[in-house]
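Shown next, in structure tokens, is the structure this report addresses.
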Amino acid sequence: MSPHILLKQLEADEDIPYDLLLLADPSKEMVERYLAHSQLYIASQAGVTVGVVVLMAREDKGIEIKSIAVEPELQGRGIGQLLLQKAIEEARQKQYKSICIGTANSSVGQLYLYQKLGFEIEEIYKNFFVDHYPSPIFEKGIQAKHMLMLYMQL
Ligand code: ACO
């Protein structure tokens, strides 16, 4: 577990960490579409970037985690869980009523993590990944077809 992780909003003169963002969503076009309406936070530890979180306000007084990613060599050490907890904390402080996150039916590890932290599956956008991505996406032999939206009331 890595306790001293700082979350800081990306400054205008800093580079967008596309390598991290593309881990969470393979489509640069989709990434650029949500970045235009979101706040991007860089997670760092001792001055080194370890991950990214992107938050977007929604019309329903909630906030959505549009992206979360941890540097590949640092995954599996509790950083992702810590970033999610920080995102939830940030949303509470800013008085949002709910926080949500969407992921594919095939992202089994992510679904485990989000539900473990208290997010609940409330919506399914059938065939989202089939309809919006140019080629099929597979994770461990499961096709990413549907987008599952998980919510937590704050
Ligand atoms: N597969 C299996 N288990 C996982 C996975 C996974 N992909 N991700 C997390 N877990 C489990 C861990 O095993 C751990 O379980 P435990 O608490 O029982 O020990 C728990 O979830 C917490 O794991 P962390 O170590 O905190 O997770 P990590 O630091 O690896 O971060 C993350 C998770 C952000 C999903 C990271 O693996 C990652 O960057 N993956 C690639 C990008 C991605 O898929 N992002 C999410 C897409 S959806 C979106 O962005 C809205």
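Atoms within each ligand, like the ligands themselves, are counted from 1 in listed order.
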- Query: Checking side-chain hydrogen bond (donor to acceptor under 3.5 Å, both in side chains) for the pair Tyr96/Glu90: CA distance, chi angles, key distance, verdict?
  - Reply: CA-CA 9 Å; Tyr96 285 99; Glu90 175 88 4; over 6 Å; no

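- Phe128 shares a hydrophobic cluster with Met30, Tyr125, Phe129, Tyr133, Ile137, Met147, Met149, Tyr151; the chain of contacts runs through ILVMFWY side chains whose heavy atoms sit under 4.5 Å apart.
- For atom 38 (C) of ligand 1, the nearest protein heavy atom (residue, atom name, distance) is Gln75 NE2, 3.3 Å.
- Looking at ligand 1, you'll find an N or O of Gly80 within less than 3.5 Å of one of its N or O atoms.
- In terms of protein heavy atoms, atom 50 (O) of ligand 1 is closest to Ile68 N, 3.0 Å.
- In terms of polar-atom proximity, Val70 is counted as a contact of ligand 1, with an N or O under 3.5 Å from an N or O of the ligand.
- Considering only non-hydrogen atoms, atom 25 (O) of ligand 1 lies nearest to Gly78 out of Pro26, Cys100, Gly78.
- Protein heavy atom closest to atom 1 (N) of ligand 1, with residue, atom name and distance, is Gly109 CA, 3.4 Å.
- Taking every heavy atom of Lys116 and a limit of under 4.0 angstrom, the matching atoms of ligand 1 come to 16 (P), 17 (O), 18 (O).
- Closest to atom 44 (O) of ligand 1, if we only count protein heavy atoms, is Gln110 NE2, 2.7 Å.
- Taking a 4.0 Å cut-off on heavy atoms, Tyr34 fails to register as neighbouring ligand 1.
- The protein reaches atom 46 (C) of ligand 1 closely, with a heavy atom under 4.0 angstrom from it.
- Counting heavy atoms closer than 4.0 Å to ligand 1, residue Ile65 contributes backbone atoms (N, CA, C, O) but none from C-beta onward.
- With hydrogens and angles left out, the side-chain atoms of Thr49 and Glu71 include no donor and acceptor closer than 3.5 Å.
- In this structure, the protein non-hydrogen atom closest to atom 48 (S) of ligand 1 is Tyr114 OH, 3.5 Å.
- In terms of N/O distances under 3.5 Å, ligand 1 is not approached by Ala24.
- Looking at Gln81 next to ligand 1, an N or O pair under 3.5 Å apart turns up.
- Ligand 1 is never approached by Glu71 to a heavy-atom distance shorter than 4.0 Å.
- Alongside Val52, the hydrophobic cluster contains Leu10, Ile16, Tyr18, Leu20, Leu21, Leu22, Leu23, Val31, Tyr34, Leu35, Leu40, Ile42, Val54 (criterion: ILVMFWY side chains under 4.5 Å).
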